[in-house]
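Here the structure comes first, spelled out in structure tokens, and everything after it is commentary.
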Amino acid sequence: VVRVQHISAAGVEGVEAGAIVASLEENIRGRTLLFLPRDNIALLKPYALARVLLERNPGLAAASVSRTSLTDISVHVVKRSPAALWCPSTQSEDCFFIDAGGFIFARAPHFSGTPYFRYLGIEGEQNPLGRQFLPENMFRNLSYFIEKLKDLHLSPNSLALLGTDDYELTLESGVRILFARSQNITDVYANLDAALRSDALRDGLGAVAYLDLRFGNKVYFKEKGAGD
């Protein structure tokens, strides 16, 4: 029986590489139901080992395992990159990194100021680690919309889920913009652009508390200090 003697890791360094190697070693420890050692190199299934690595390490976007010699194997991983933060609420400091596809993958340190855009709230379970904030296509469209707001000279700060139907986008100025999940995001942008060009908002959003875009091509707004 030829057993695995060495495991190397690529794509990570130092402590992270050690953790990946240790995770893989744990997975090939012990014996099979036929009492054969799990680290028998002839029995290894690289795809299955890579899949387990991804399941146990949400900070990895991809992983591949291969035999490099009669006794050695190598694992190559691709780490997820933070694109924004997910936080339970506006007041919470217990936030997580979220990648460009909307996957919540690691706890974030406490930041002074707001270096990342923040997404707030999530449906279902309380523990968000290893979950999608929204379906990937929906999240990518939403992220593109948020980035495009800069073309309208708006500075987005956070976006919150309002129940199962609506979003609330908050600007750095504190102005809130409401729109529905069911709306076409291109139409939302066009309606917002038209509203900002209208006579009613020709002086900007300085006196506005919120804009409501949930009613087709009609845009409603409320001024600060105005009654309901």
Side-chain angles (χ1 to χ4, degrees), residues 59 61-62 78-92 95-106 108 111-123 128 131-224 226:
V78 178
K79 295 167 58 179
R80 296 185 187 273
S81 298
L85 293 178
W86 174 86
C87 307
S89 67
T90 54
Q91 294 80 26
S92 178
C95 298
F96 295 76
F97 283 126
I98 190 168
D99 73 3
F103 187 81
I104 301 169
F105 67 90
F111 294 103
S112 58
T114 54
Y116 290 95
F117 184 82
R118 292 180 300 159
Y119 292 92
L120 309 172
I122 200 168
E123 299 172 8
R131 298 185 60 201
Q132 283 286 142
F133 173 69
L134 290 170
E136 184 171 349
N137 286 344
M138 183 182 294
F139 182 83
R140 289 187 182 276
N141 287 337
L142 196 57
S143 297
Y144 178 75
F145 166 74
I146 291 166
E147 186 64 25
K148 285 286 289 180
L149 291 180
K150 296 176 183 177
D151 293 344
L152 302 180
H153 306 290
L154 300 177
S155 300
N157 174 270
S158 65
L159 182 134
L161 301 181
L162 296 183
T164 59
D165 298 322
D166 299 324
Y167 299 118
E168 181 182 75
L169 177 73
T170 302
L171 304 180
E172 293 284 359
S173 62
V175 176
R176 294 172 292 128
I177 299 174
L178 304 174
F179 57 103
R181 290 202 211 184
S182 60
Q183 290 177 277
N184 183 295
I185 207 70
T186 302
D187 293 341
V188 173
Y189 182 88
N191 291 337
L192 177 58
D193 185 21
L196 294 174
R197 296 173 186 270
S198 69
D199 290 341
L201 295 174
R202 64 179 180 274
D203 295 327
L205 300 178
V208 174
Y210 69 80
L211 293 166
D212 196 334
L213 308 176
R214 294 175 293 180
F215 302 96
N217 59 3
K218 296 180 180 179
V219 177
Y220 297 92
F221 69 91
K222 178 183 176 181
E223 294 185 345
K224 294 175 181 176

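None of the values given here were measured: they were computed from a predicted structure.
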Using 0.5 Å steps for rounding, measure from the CG atom of Asn191 to the CZ atom of Arg214.
14.0 Å

Heavy-atom pair of closest approach, residues Cys87 and Arg118:
SG-CD, 4.0 Å

Donor-acceptor contact present, side-chain Lys222 to main-chain Asp212, <3.5 Å
no

Considering all heavy atoms, the nearest Leu161-Gly121 contact
CD1-O, 3.9 Å

Minimum-distance pair of heavy atoms, taken over all atoms of Ala100 and Ala83:
N-CB, 3.7 Å

Could you check if a side-chain atom of Leu205 sits within less than 4.5 angstrom of a side-chain atom of Leu196, using non-hydrogen atoms only?
yes

pair Thr170-Leu120: side-chain heavy atoms closer than 4.5 Å:
no

For Leu169 and Leu149, run side chain to side chain contact (heavy atoms under 4.5 Å, CB included): C-alpha distance rounded to whole Å, both residues' side-chain angles, the deciding distance at 0.1 Å, then the answer.
CA-CA 11 Å; Leu169 177 73; Leu149 291 180; 3.1 Å; yes

Is there side-chain contact between Leu154 and Val175, with at least one heavy-atom pair below 4.5 Å?
no

Answer yes or no: are there more than 12 heavy-atom neighbours, outside Asn184 itself, under 6.0 Å from its atom CG?
yes

Could you give the distance from CG (Leu85) to OG (Ser158), rounded to the nearest 0.5 Å?
11.0 Å

Sort out for me which residue in Tyr119, Phe96, Tyr167, Phe105 forms a ring-ring contact (aromatic ring centres under 6.0 Å, His included) with Phe133.
Tyr119

Heavy-atom closest pair (Ala195 atom, Leu201 atom, distance to 0.1 Å) is O-CD1, 3.4 Å

Cationic tip of Arg80 within the cone over Phe97's six-membered ring, i.e. under 6.0 Å and within 45° of the normal?
no

Test item: Leu211 and Phe179 side chains (from C-beta on) under 4.5 Å apart, heavy atoms
no

Stepwise side chain to side chain contact (heavy atoms under 4.5 Å, CB included) test for Asn217 and Asp187
CA-CA 8 Å; Asn217 59 3; Asp187 293 341; over 6 Å; no

For the OH atom of Tyr220 and the CG atom of Leu178, what is their distance to the nearest 0.5 Å?
13.5 Å

Those residues at least two apart in sequence (or on a different chain) that pass side-chain contact (heavy atoms from CB on, under 4.5 Å) with Glu136 are Gln132, Arg140

Rounded distance [0.5 Å steps], CG in Leu142 versus CG in Leu159:
5.0 Å

Rounded to the nearest 0.5 Å, what separation is found between the CD1 atom of Ile177 and the CG atom of Leu171?
4.5 Å

Just how far is it from atom CD1 of Ile104 to atom CH2 of Trp86, taken to the nearest 0.5 Å?
6.0 Å

Using the side-chain contact (heavy atoms from CB on, under 4.5 Å) criterion, which residues pair with Tyr144? Sequence neighbours excluded.
Lys148

Pairwise side-chain hydrogen bond (donor to acceptor under 3.5 Å, both in side chains) hits with a residue in residues 199-210, at least two apart:
none

From CA spacing to verdict: side chain to side chain contact (heavy atoms under 4.5 Å, CB included), Asp151, Asp193
CA-CA 10 Å; Asp151 293 344; Asp193 185 21; over 6 Å; no

Would you indicate whether the side-chain heavy atoms of Phe139 and Ile98 approach each other to under 4.5 Å?
yes

After noting the C-alpha distance and the side-chain angles of Leu134 and Arg181, does the key distance pass the side chain to side chain contact (heavy atoms under 4.5 Å, CB included) rule?
CA-CA 11 Å; Leu134 290 170; Arg181 290 202 211 184; 3.7 Å; yes

